[in-house]
Amino acid sequence: VAPVTMNAFELISKSRGLNLGSLFEK
Amino acid sequence: MGCYLSTNSKKVRKTQGYEEPTVLASETPFTVSEVEALYELYMKLSNSIIEDGLIHKEEFQLALFRNENEKNLFADRIFDLFDVKRNGVIEFGEFVRSLGVFHPNAPLEDKIAFAFRLYDLRQTGYIEREELKEMVLALLHESDLVLSDDMIESIVDKTFKDADTKDDGRIDQDEWKAFVSQHPSLIKNMTLPYLKDITLVFPSFIARTEVEDSE
C-alpha cells in the first residue's frame, strides 16, 4: 500500500490501543 | 433474570460504582443477562492487579496488551473517555455504558460521536491538524513503522484536505460525520461483535453463583 494514498484516520484506527476485542480474550 | 443479582446479593460484593443490571440494561443496548455477563468480565479486569473492584489504568493496559506498563496514546484516550467521572478509575456503570457504544446494535451516530471525542485529543471540540499528526506518529511508533517526515506530512495533508471541507484548519463534528459517511470503515473499530455473544463468552454469572450456593 502506498502510504501517501492512506487515509490517516484509517491508519490510526488500526491501533492496538483501539482494539477493545482484547478485553474479551480469556 | 436480573433478580438473581439482587436476591443472591450475599454472593456479590458490590463495588464502588456498581449499578443494578436492570438500570444499565434500560439505558444501553444490553439485556439484563448481558449486563450480568459484563459484570463477570468487569470483576476479572478490575481485580487483576489491585483487588478493589475498580479498573485502574494499569489493569486496562494489562487486559489490552498483556502488559501493565505498555503506554499507548489511544488506550489512554479510551480509558479517559470511559472514566466519565474523571476519578482515575473505570467504575462498573461507566464500563457498561461506554461499552454500550461498541455494541453492534448501538446507534451509528453514537459511534461516530465517540470516535470524534476520541480523536479530539485536547477536547477543543475540533480535531486539529497537530492532533492528527500526533496520532499518526503514535501509530507509527506503536507499529515500529518508519516513514519519512515528508511522507507523514503528505498523509496528514491529504486526509485533512479531504475531511476539512470548510478549509479552516480543523475538523468539526459535521465534517467528521460527512467524512465517516464517505469512509465507513473508519469506525469499524467502534463495533465489537463479541458484545453480541457476551453471555456465551462469560456465561457463568448465574451458573457460578448457583454452583457456589450448592457448595
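In what follows, every chain begins at residue 1, and chains take the letters A, B, ... in the order their sequences are listed.
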Looking at [atom1] of [X] and [atom2] of [Y], how far apart are the two atoms once the value is rounded to the nearest 0.5 Å?
X      : Y       : atom1 : atom2 : answer
S13(A) : I187(B) : OG    : CD1   : 10.5 Å
L18(A) : N72(B)  : CG    : CG    : 7.5 Å
E10(A) : I155(B) : CD    : CD1   : 12.0 Å
N19(A) : F74(B)  : CG    : CZ    : 13.0 Å

Side chain, backbone, both or neither of [X] within contact of chain A (heavy atoms, under 4.5 Å):
X       : value
F82(B)  : side chain
F179(B) : side chain
E70(B)  : side chain
L118(B) : side chain
L195(B) : side chain
L99(B)  : side chain
L62(B)  : neither
I78(B)  : side chain
L186(B) : both
I171(B) : side chain

### Stepwise side-chain contact (heavy atoms from CB on, under 4.5 Å) test for L20(A) and F60(B)
CA-CA 10 Å; L20(A) 296 189; F60(B) 192 67; 4.0 Å; yes
Can you name the closest pair of heavy atoms from [X] and [Y] and give their distance?
X       : Y       : value
M6(A)   : T159(B) : O-OG1, 4.0 Å
G17(A)  : L64(B)  : O-CD1, 3.9 Å
R66(B)  : S22(A)  : NH2-O, 3.7 Å
L139(B) : L11(A)  : CG-O, 3.4 Å
L192(B) : G21(A)  : CD2-N, 3.5 Å

### Message
I198(B) vs F24(A), test: side-chain contact (heavy atoms from CB on, under 4.5 Å). Steps then yes/no.
### Response
CA-CA 9 Å; I198(B) 190 70; F24(A) 302 89; 3.6 Å; yes
### Message
Looking at K166(B), I'd like to know if its NZ atom is crowded, meaning that more than 12 non-hydrogen atoms belonging to other residues, nucleotides or ligands lie closer than 6.0 Å.
### Response
yes
### Task
For the residue pair Y119(B) and F9(A), categorise the inter-ring angle as parallel (less than 30°), tilted (30 to 60°) or perpendicular (more than 60°).
tilted
### Query
Taking E142(B) for the side chain and R16(A) for the main chain, is one N or O donor matched with an acceptor at less than 3.5 Å?
yes
#### Entry: Qualifying residues under side-chain contact (heavy atoms from CB on, under 4.5 Å), relative to R170(B), sequence neighbours excluded
Y126(B), E128(B), D168(B)
